[in-house]
Amino acid sequence: AAFGDVRCGAPRGALLRHHGRGVGVGGAGGVVNAAPSAEKSADDAELEEYGHSLGMDIAGVDKDLRWIVQEAFTAPLPPSWSEHIDGEGRVYFFNQMSQESSWQHPMDDVYKDVVALVKALLAEEAA
């Protein structure tokens, strides 16, 4: 399956938690359920890895800001976006309006900005 090739209706299989945004995985090129699952939560390793991608060390200096990473990890997709699996099992995101695909969750840049803002405010308070 090509990067932008989306095959809906593929059989659902193994469990996947990518940023907590989906739990069912389709076959090659299948669709991942876009709704977050309340009963599924990220384990510490997943949150730490995702935190690093947002510029945070939640196991160290940023442990008090873990809530930001948890919020970002479980954030739903914006309207017109869907989450998919390519033929190699990699998660990607597809915007049905623009017909664009992305390896990065469409809200990650927003959460990186939130992290930067919170860190700046905390540094200002500490000074």
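Just so you know, these numbers use all the heavy atoms, side chains as well, and skip hydrogens, waters and symmetry mates.
A single hydrophobic cluster is not seen to contain both Val110 and Met97; linkage of ILVMFWY side chains at heavy-atom distances under 4.5 Å, directly or through other members, places them apart. Hydrophobic clustering, with ILVMFWY side chains joined whenever heavy atoms are under 4.5 angstrom apart, keeps Leu117 apart from Ile58. A continuous path of Ile, Leu, Val, Met, Phe, Trp and Tyr side chains, each step under 4.5 Å between heavy atoms, connects Trp67 with Tyr111, placing both in one hydrophobic cluster.
Shown here are the side chain to side chain donor-acceptor pair (under 3.5 Å) partners of Asp57, two or more places apart in sequence or in another chain: there are none. With sequence neighbours excluded, the residues satisfying side-chain contact (heavy atoms from CB on, under 4.5 Å) with Lys119 are Met56, Asp62, Leu65, Val115. Taking the side chain to side chain donor-acceptor pair (under 3.5 Å) definition, one finds that Gln96 meets it with Ser82, sequence neighbours left out. Residues meeting the side chain to side chain donor-acceptor pair (under 3.5 Å) test with Asn95, sequence neighbours left out: Ser80. Partners of Gln99 by side-chain contact (heavy atoms from CB on, under 4.5 Å), not counting sequence neighbours, listed by chain and number: Phe94. Residues satisfying the side chain to side chain donor-acceptor pair (under 3.5 Å) criterion with Glu125, sequence neighbours excluded, are absent altogether.
Rounding to the nearest 0.5 Å places OH of Tyr50 at 9.5 Å from OG1 of Thr74. Going from atom NZ of Lys112 over to atom CG of Leu54 covers 7.0 Å, rounded to the nearest 0.5 Å. To the nearest 0.5 Å, atom CG of residue Leu47 and atom CZ of residue Arg66 are 5.0 Å apart.
Pairing each heavy atom of Phe93 with each of Leu77, the nearest pair is CD2-CD2, 3.6 Å. Considering all non-hydrogen atoms of both residues, Glu100 and Trp81 come closest at O-CZ3, 4.4 Å. Here the shortest heavy-atom pairing between Pro78 and His105 reads CD-CE1, 4.5 Å. Pairing each heavy atom of Trp103 with each of Val91, the nearest pair is CE3-O, 3.3 Å.
Formation of a donor-acceptor pair under 3.5 Å by the Glu46 side chain with backbone atoms of Asp43 is found in this model.
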